[in-house]
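Scroll down for the structure; my scribbles are underneath it.
Sequence lines set the chain letters: A, B, ... in the order given, protein chains first and strands last, and positions in each chain run from 1. Just so you know, these numbers use all the heavy atoms, side chains as well, and skip hydrogens, waters and symmetry mates. Note that the structure is a prediction, hence the values are computed from the model and not measured.
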2 protein chains.
Amino acid sequence: MASNFSLESVQVSLTPQERFEEYLQSRSKRCTGPRRILVDHIFSNHEHFDAETLIAQLPGKNDKGYVSRATVFRTLNELVEAGLLSKLDLASRTVFEHDYGYPQHDHLHCTKCDQLIEFQSEELKRLREQVAQQHKFRVTGHRLIISGICEKCARANRRQRRPVDMI
Amino acid sequence: MASNFSLESVQVSLTPQERFEEYLQSRSKRCTGPRRILVDHIFSNHEHFDAETLIAQLPGKNDKGYVSRATVFRTLNELVEAGLLSKLDLASRTVFEHDYGYPQHDHLHCTKCDQLIEFQSEELKRLREQVAQQHKFRVTGHRLIISGICEKCARANRRQRRPVDMI
DNA sequence: ATCATTGCAAAAGATTTGCAAGGTC
DNA sequence: GACCTTGCAAATCTTTTGCAATGAT
C-alpha cells in the first residue's frame with residue numbers, strides 16, 4: 001500500500017497511452033499498432049524533440065516496429081490535438097514537448113547550442129491575464145521564449161576568446 | 001523651426017532606407033534597385049506581413065519594378081540581420097514586422113482571424129531579467145505570443161451561436 | 001575591371017496527401 | 001463488413017542555392 005502511494009497521489013490519473021485511447025475513442029478513431037509504438041516511445045522520456053530526431057530513434061525501414069514518416073507526422077499532429085504534446089516553433093525547426101501531466105512552463109533558448117531550458121513563473125500568469133483584460137482578449141494559451149546564450153556556451157566562448165587578449 | 005521639432009525630437013535619426021545603406025556599406029554590400037524597392041515598400045506601412053503577402057503586393061513579373069521571389073527572401077533575411085525587421089514564427093507561417101525605430105513589444109495572436117495585436121509591458125522586462133539571472137543566462141531577446149480569441153471574433157461567435165438558444 | 005547581386009530554374013527541407021492495401025471495431 | 005489507418009510515392013509549400021548575366025563601385 002505504502003509503495004503505491006506516490007503513484008496514487010499523482011494528479012494525472014491516466015497514462016498518456018490511456019489518455020490517447022480516450023481521445024481516439026471519443027472521435028471514433030482507432031487504436032493501432034503504430035500509434036501505440038509512437039506514444040510509448042515519445043513518453044518514455046521528457047526531452048524536447050523534433051520529428052526528424054524522433055524518426056531517427058525509431059526502428060528502421062526493415063526492422064519490426066517500423067512506422068512510416070507520414071504516420072509519424074500524422075500521429076504527432078493527433079497528439080497535439082489530443083493535448084498530449086505541444087509544438088514550439090523555433091526559428092529553424094519545430095520542436096515538440098510533453099503537454100500532459102507536465103506543468104505549464106516557458107523556455108530559455110540558447111541560440112548557440114539550441115538547448116531549451118524550462119522555467120515557470122507565476123508572475124507571467126498574472127501578466128498574461130492583465131494584458132488580456134486590457135484588450136478584451138480571451139486567452140487560451142501563450143508562448144514565451146527568451147533567447148540568448150546559456151551559461152555553458154558563454155563560458156566556452158570566453159575560453160576561446162580570452163587567450164588572445166592574455167598573451 | 002517649430003515645424004521641425006517633432007522630426008528632430010525623434011530618437012531615430014536615419015530613415016530605414018538610410019539605415020540599411022549604412023548596414024550595406026559596412027559589409028561592402030551594394031545598394032541596388034531591388035533592395036531600394038523592397039525597403040521602400042516594406043516601410044511604407046507598419047503592418048505585419050509574410051513573404052507571400054509582400055510578393056503579392058509588389059509589381060508582377062512583367063511590370064517595371066519587378067523583384068524576383070528569391071531576391072525578396074534574400075533581402076528579407078538581410079533586413080533581419082540589419083536589425084530593420086524581426087521575424088515571428090507563428091504556428092503556420094513566418095511573419096515579419098518592423099524592428100527599427102519601433103518600440104519593443106509583444107503580441108496577442110487571435111487564432112480565429114490571425115490578427116496580431118501589439119502590447120508593451122514593463123513587468124515583462126523585469127521578469128525576463130529575473131529569470132535569466134536565475135539561470136545564469138545571457139539574454140539577447142525574447143518573444144511572447146499570447147494566443148486566444150480577439151474581441152471581434154468572440155462577438156462574431158456569440159452572434160452565430162446564441163440565436164439557436166434564444167428561439 | 002572587379003566583385004556583388006539578380007533572375008531563373010532547380011534544389012532542398014519539412015510536412016501533407018491520394019490511393020490501394022491492410023488493420024480494427 | 002464497414003470504415004479507419006498505413007505505407008508509399010508523389011505533391012505541396014516555403015525557402016534556399018548554383019549559375020550565367022547584369023549591375024554597382
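Both B:V72 and B:F43 are members of a single hydrophobic cluster when ILVMFWY side chains are connected at heavy-atom separations under 4.5 Å.
Not counting sequence neighbours, the partners of A:R128 by the side chain to side chain donor-acceptor pair (under 3.5 Å) test are A:H142. Looking at residues two or more places apart in sequence or on another chain, you find no side chain to side chain donor-acceptor pair (under 3.5 Å) involving B:Q130. Under the side-chain contact (heavy atoms from CB on, under 4.5 Å) criterion, A:H135 pairs with A:V131, A:F137, B:L108, B:I117, B:F119, not counting sequence neighbours. Judged as a side-chain contact (heavy atoms from CB on, under 4.5 Å), and not counting sequence neighbours, the contacts of A:Y66 are A:K61, A:S68.
To the nearest angstrom, P of D:dA24 lies 14 Å from CD of B:Q25. In this structure, A:F73 places its CZ atom 15 Å from C1' of D:dA11, rounding to the nearest Å. In this structure, CD of A:E81 is placed 11 Å from P of C:dT16, rounded to the nearest angstrom. Rounding to whole angstrom units, CG of residue A:L76 and C1' of C:dT17 are separated by 17 Å. Rounding to whole angstrom units, CZ of residue A:F49 and P of C:dA14 are separated by 15 Å. Atoms CG (B:L88) and P (D:dT14) sit 17 Å apart, rounded to a whole Å.
A salt bridge is absent between A:E21 and A:R35; no separation between the charged side-chain nitrogens and carboxylate oxygens falls under 4.0 Å.
Looking only at distances, no side-chain donor or acceptor of B:N77 sits under 3.5 Å from a matching main-chain atom of B:R74.
Side-chain contact of B:E78 with B:Y23: a donor-acceptor pair under 3.5 Å is absent, judged by distance alone.
Sequence order on DNA chain D of the closest nucleotides to B:R36 and B:E52 puts B:E52 first from the 5' end.
Comparing the start and finish of the helix from C:dA1-D:dT25 to C:dC25-D:dG1, five pairs each, the helix axis swings through 30°, to the nearest 10 degrees.
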In 5'-to-3' order, the base (B), backbone-only (S) or no-contact (-) status of each nucleotide in nucleotides 4-12 of chain C, using a 4.0 angstrom heavy-atom cut-off, is SSBBB----
